[in-house]
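Below is one structure, written out as structure tokens, with a few remarks after it.
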Amino acid sequence: MTLILLFITSLTKFNVLFSSFGFGLYTCSAAAISTVKQDSERRPVQQETMAVGKENVEVVEITKPRTDTRDYKRIVLPNSLQVLLISDPDTDKCAASMNVGVGSFSDPEGLEGLAHFLEHMLFYASEKYPLEDSYSTYISEHGGRTNAYTSSEHTNYYFDVNADCFEEALDRFAQFFIKPLMSSDATTREIKAVDSENQKNLLSDAWRINQLQKHLSEEGHPYHKFSTGNWDTLEVKPKARGVDTRDELLKFYKENYSANLMNLVIYAKESLDKIENRVLSKFQEIRNIDRIHPSFPGQPCTPEHLQVIVKTVPVKRGHKLRITWPMTPCIHHYMEGPSRYLGHLIGHEGEGSLFYVLKKLGWATSLSAGESDWTMEFSFFKVVIELTDAGHENAELIIGLLFKYITLLQQSGVCKWIFDELSAICEMTFHYQDKIPPIDYVVKISSNMQLYPSKDWLVGSSLPSIFSPEVIQSALNELTPNNVRIFWESTNFDGHTELTEPWYGTAFSVEKITASTIQEWMKRAPEEDLHLPSPNVFIPTDLSIKSLKEKVNIPVLLRKSEYSRLCSPEANVLTDISTRLLMDYLNEYAYDAQVAGLYYAISHTDNGFQVTLTGYSHKLKILLETVIKKFTTFEVKSDRFNVIKELVIKECENYKFQQPYQQAMYYCSLLVKDRSWPWTDELEVLSVLEPEHLSRFYPQILSRIFIECYAAGNIESNEAELMIQHVENVLFKGTKPLSQALFPSQHLTNRVVNLEKGVTYCYTKEGLNPSDENSALLHYIQVHQDDFKLNIKLQLVALIAKQPAFHQLRSVEQLGYITVLMQRNDSGIRGVQFIIQSTVKGPKHIDSRVQAFLKMFETKLYEMPDDEFKSNVNALIEMKLEKHKNLREESGYFWREIQDGTLKFDRKDHEVAALKQLSKAEMIQFFDEHIKAGAPQKKALSVQVFSTTHATEETADAGEGKIVNIEDAFSFRRSRPLYGSFKGGIGHMKL
């Protein structure tokens with residue numbers, strides 16, 4: 001893989017990040033890449049043992065990537081728990097995931113959300129580890145993270161942790177499934193957490209439309225259910241019926257959490273034999289009642305729910321079509337890949353595609369297609385189209401065009417060359433994939449274990465290899481006018497609907513439509529040249545790894561030149577629109593590149609715009625040259641300008657529908673970042689913007705620029721230099737060069753407000769959406785400018801405080817589902833922030849509880865035993881020494897150093913050295929000076945977003961220190977000094 005990142009500072013800035021893959025130790029010829037494997041015997045395999053403690057031992061083959069050097073072994077414990085062991089001697093993190101084959105479809109009638117509630121409860125305590133929250137605390141204090149999720153037919157629990165702490169972490173994890181404790185007190189508190197989670201989702205369009213689709217299905221089918229749960233379903237209604245929710249919780253656990261329904265994945269550093277012994281000792285005590293696997297036969301949609309058009313009102317401004325068809329689950333034919341084939345063609349964006357036509361007409365801004373909401377029993381094929389205002393007015397014709405394209409697929413027949421091309425891309429992607437973090441890997445595999453035979457646990461549905469026109473044609477035959485459900489979302493329908501979905505309050509109406517209606521829409525649809533895509537020229541045929549003369553561990557300066565201020569809301573908006581237009585113009589050409597694993601992005605940044613290219617190195621240079629050429633030949637097309645402008649306006653207007661905690665984060669950035677603009681200013685600019693404004697502005701963007709570039713991966717240094725030389729030649733050379741170097745005075749920097757010591761600033765705003773009952777607090781403590789010793793003190797305090805803050809403020813006090821303590825880094829200015837969102841308390845009260853927590857934590861810190869301090873230090877050291885899992889992760893790390901101007905590429909070494917010298921007394925002194933409640937050196941900013949529910953909240957005890965209320969964000973910004981920037985011009989680069 002190669003990654004190239006270009007950052008252009010122009011009178012705005014140009015950044016290029018190039019990243020390429022050329023993975024592994026293998027060279028694949030063009031013939032090898034394009035060959036479709038017809039059976040699994042031709043793939044590399046890993047042998048594994050079938051059973052532990054049983055007489056019958058079966059050898060099974062597990063397909064794995066060619067470049068994967070990890071060892072795998074499948075075992076089945078005496079209690080029928082199925083386990084996949086993964087040995088990776090190179091890993092820094094170990095991980096585990098337990099997939100339990102029971103989900104929300106199994107919720108008892110009248111106890112909606114019980115499976116999800118049980119998922120929450122297992123984190124509290126166990127008989128072996130009875131201290132509440134001790135599991136999560138252990139994971140957090142040893143460099144790990146943990147979470148879980150509940151889906152319709154399974155519940156997945158997972159964690160990762162530093163390798164040397166894995167054994168105890170695994171033992172604590174195992175107790176979830178052996179003897180958990182679910183106390184009455186914890187039960188009541190956690191019902192409030194589930195309710196808070198649901199409150200967070202009530203105004204989310206994704207959750208609302210999902211539940212509406214379920215609502216319009218057969219009432220007796222579990223798909224129809226509400227699955228999250230809330231205070232009403234888990235407390236009020238059960239109590240009114242004389243039902244004890246805790247008793248039902250224990251009963252649900254006892255009847256469903258059986259070892260034979262569980263699949264466990266363990267990812268560790270040791271040999272397979274050692275991992276196996278560890279698993280046997282810790283998990284064989286899980287009870288097995290030979291529970292029959294839950295099954296839910298039947299279809300959720302009867303004829304009553306088909307041939308309907310549902311008009312619904314979203315929260316956010318915009319228009320969207322969701323066209324869905326019930327279909328046979330394609331997992332039954334995952335080797336043939338029918339949904340992948342159909343999704344590839346219907347969702348294609350190249351010339352002749354449905355999206356290409358809709359975009360040309362100015363009717364759509366995005367289109368996706370594929371299978372969704374599937375189980376072993378039922379599935380849906382879904383096409384989602386984001387509409388422009390003009391598209392909304394022509395929605396019926398868009399549906400007509402979709403069915404015309406489906407008719408084209410029927411008439412064209414199933415094409416072997418398209419399947420072969422898809423299969424080749426899938427094979428290349430699988431066999432040359434990057435490593436991903438172990439925690440993500442184990443979750444993916446444990447979920448697959450419930451669905452696929454063991455040989456395909458790693459593969460899932462990602463390697464279609466059997467060409468079966470009959471199977472694909474059968475799936476295509478299900479996409480008919482007689483089988484369709486159309487969901488049409490638009491704020492224009494407000495006041496024109498008569499029904500309300502009960503769980504989220506979504507307004508909607510339902511109309512029946514007939515096949516003849518759709519035939520009429522097809523006849524009325526514009527005559528456009530819809531056709532199948534051409535062969536993909538971007539599929540790489542050379543995946544060889546380049547041999548480097550010397551390996552470098554950190555970036556080195558290859559080239560330095562003078563080549564490589566428009567500062568206002570207007571410039572910000574115009575630069576944003578220009579980058580979107582560039583992406584828009586390139587879309588048809590570059591879409592095939594993305595399909596073939598070669599990605600590009602042109603994005604707007606604080607100081608200019610950024611070009612990112614990442615993918616297989618073979619044809620990356622061609623794509624870069626095309627992208628740069630588009631920069632130089634850019635012209636403003638009025639029709640596309642108007643589409644993009646409309647899209648940006650809607651995005652700005654939808655700021656008001658962000659969750660309150662997101663609004664608090666926005667206000668905090670507005671207050672502390674010197675070069676940030678309010679969305680209201682940008683919206684005002686947009687209202688009067690015309691194509692000619694951008695036509696005049698764009699030449700100014702390129703008139704004076706400075707380029708920074710980072711290249712990594714399967715690319716030689718001379719290749720990287722030649723690529724940048726090409727960029728410079730295009731922009732700076734020639735008889736009429738487009739660009740000149742920035743003047744030293746024009747280099748832009750991101751500078752941050754320096755808060756006053758001993759002062760807590762308070763900025764209070766009413767939530768932008770009056771319908772949202774959530775309030776939010778962001779309590780920011782600014783500490784220092786980037787410094788190795790201060791960094792590690794801050795990081796250590798944050799590591800130690802993170803889980804106690806979550807436990808006290810979320811689990812004990814139940815302030816809100818969203819409760820987090822995290823570090824903050826604004827262009828090298830470091831601090832910590834508490835972010836809490838709540839319906840039960842207002843932001844002033846929450847702020848007082850943050851202060852109370854800091855006083856409580858102060859005692860914990862002072863009384864911390866030396867061995868616990870050393871354990872936390874070692875955990876942080878191991879986190880810092882953790883190797884990057886893939887090129888994207890590594891490139892993101894180094895690019896941050898370049899963006900901030902800190903350029904401390906060996907940062908980890910220096911910070912680890914500082915940690916080894918750190919004493920507990922030094923850490924406590926740091927806490928006392930900068931973070932402790934009432935600390936004389938403390939610099940704090942409390943951003944409070946209140947809902948109408950909490951508008952009359954009385955001022956709570958704010959604690960010690962001077963309180964300064966901020967009335968106007970920009971007056972405040974102008975009144976405060978700024979931190980200096982690490983970012984210099986060309987003469988200040990420290991490489």
Side-chain angles (χ1 to χ4, degrees), residues 93-98 117-148 155-194 246 249-250 253 257 264 266 278 281-283 285-286 439 796-815 817 819-821 853 856-876 878-879:
K93 280 280 198 298
C94 295
S97 172
M98 178 74 88
F117 177 43
L118 175 59
E119 171 227 300
H120 278 235
M121 287 302 301
L122 293 190
F123 283 81
Y124 268 83
S126 63
E127 282 193 14
K128 185 171 183 180
Y129 299 99
L131 181 63
E132 193 174 289
D133 203 45
S134 60
Y135 161 76
S136 297
T137 298
Y138 184 87
I139 297 295
S140 178
E141 289 180 349
H142 294 89
R145 53 199 169 113
T146 182
N147 213 330
T155 307
N156 199 295
Y157 302 85
Y158 52 93
F159 77 93
D160 69 0
V161 74
N162 291 339
D164 61 344
C165 306
F166 187 51
E167 182 159 9
E168 182 174 340
L170 196 63
D171 192 53
R172 291 173 178 271
F173 181 67
Q175 303 310 308
F176 279 38
F177 315 103
I178 298 172
K179 288 188 177 178
L181 294 179
M182 292 179 263
S183 69
S184 298
D185 176 58
T187 300
T188 303
R189 281 187 277 126
E190 202 57 30
I191 290 175
K192 293 178 180 177
V194 170
R246 181 171 177 270
L249 186 75
L250 297 173
Y253 180 85
Y257 273 51
L264 175 66
I266 302 292
R278 181 179 291 175
S281 68
K282 297 187 186 305
F283 290 91
E285 291 181 43
I286 297 177
I439 192 170
L796 189 59
V797 169
L799 174 66
I800 297 169
K802 179 181 177 181
Q803 191 59 34
F806 179 84
H807 176 66
Q808 180 62 33
L809 299 173
R810 196 273 210 179
S811 301
V812 176
E813 299 187 27
Q814 284 297 325
L815 292 176
Y817 178 76
T819 298
V820 64
L821 167 62
F853 166 75
M856 183 190 307
F857 179 69
E858 177 184 323
T859 303
K860 171 182 171 63
L861 213 56
Y862 293 169
E863 296 176 356
M864 178 179 287
D866 289 343
D867 60 344
E868 186 179 338
F869 169 76
K870 289 175 183 175
S871 175
N872 279 291
V873 168
N874 289 336
L876 185 54
E878 288 182 32
M879 290 165 70

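Here the structure is a predicted model, which means the values were calculated and not measured.
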Does any non-hydrogen side-chain atom of [Y] lie less than 4.5 Å from one of [X]?
| X | Y | answer |
| --- | --- | --- |
| K128 | R172 | no |
| F806 | S811 | yes |
| I800 | K860 | yes |
| T146 | F173 | no |
| F283 | L170 | yes |
| I266 | R278 | no |
| L799 | M879 | yes |
| H807 | S136 | no |

Atom [atom1] in [X], atom [atom2] in [Y]: separation rounded to 0.5 Å?
| X | Y | atom1 | atom2 | value |
| --- | --- | --- | --- | --- |
| L118 | T155 | CG | OG1 | 7.5 Å |
| S281 | E167 | OG | CD | 7.0 Å |
| Q803 | Q808 | CD | CD | 12.0 Å |
| L250 | M182 | CG | CE | 5.0 Å |
| I178 | S126 | CD1 | OG | 8.5 Å |
| L876 | S871 | CG | OG | 11.5 Å |

* Does atom NZ of K179 have more than 12 heavy-atom neighbours from other groups under 6.0 Å away? ->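 Not buried by this count: 12 neighbours or fewer within 6.0 Å.
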* **Residues E168 and K282 bridged, charged N to O under 4.0 Å** =>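 Salt bridge: no.
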* Asked: Does the pair E132/R189 count as a salt bridge with the N-to-O cut at 4.0 Å?
  ->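 So E132 pairs with R189 through a salt bridge.
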* F869/L796 under side-chain contact (heavy atoms from CB on, under 4.5 Å): CA gap, chis, key distance, verdict -> CA-CA 9 Å; F869 169 76; L796 189 59; 3.7 Å; yes
Where do [X] and [Y] come nearest, in terms of heavy atoms and distance?
| X | Y | value |
| --- | --- | --- |
| L809 | T819 | CB-CG2, 3.9 Å |
| I139 | R145 | CG2-N, 3.4 Å |
| A125 | P130 | CB-O, 3.5 Å |
| Y817 | A193 | CD1-O, 3.8 Å |
| T187 | R246 | OG1-CD, 3.7 Å |
| V194 | F117 | CG2-CD1, 3.9 Å |

* Dump the intermediate steps for side-chain contact (heavy atoms from CB on, under 4.5 Å) on M98 and F177, then the final yes or no. => CA-CA 9 Å; M98 178 74 88; F177 315 103; 3.6 Å; yes
* To do: Classify the ring geometry between F857 and F853 as parallel (under 30°), tilted (30 to 60°) or perpendicular (over 60°).
  =>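 F857 vs F853 ring planes: parallel.
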* To do: Start with the C-alpha distance between F166 and F159, add both sets of side-chain angles, then the distance that settles side-chain contact (heavy atoms from CB on, under 4.5 Å), and finish with yes or no.
  => CA-CA 10 Å; F166 187 51; F159 77 93; 3.6 Å; yes
* Determine, stepwise, if the pair K802 / E141 fulfils side-chain contact (heavy atoms from CB on, under 4.5 Å). => CA-CA 9 Å; K802 179 181 177 181; E141 289 180 349; over 6 Å; no
* Aromatic ring proximity Y135/Y124, centre distance under 6.0 Å ->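 No, too far apart.
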* Asked: So, the side chain of N162 versus the backbone of A875: is there a donor-acceptor pair under 3.5 Å, distance only?
  ->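 Side chain of N162 to backbone of A875, a donor-acceptor pair under 3.5 Å: yes, one is there.
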* Any donor-acceptor pair under 3.5 Å from D160 side chain to G144 backbone ->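 Checking the backbone N and O of G144 against the side chain of D160, no donor-acceptor pair under 3.5 Å is found.
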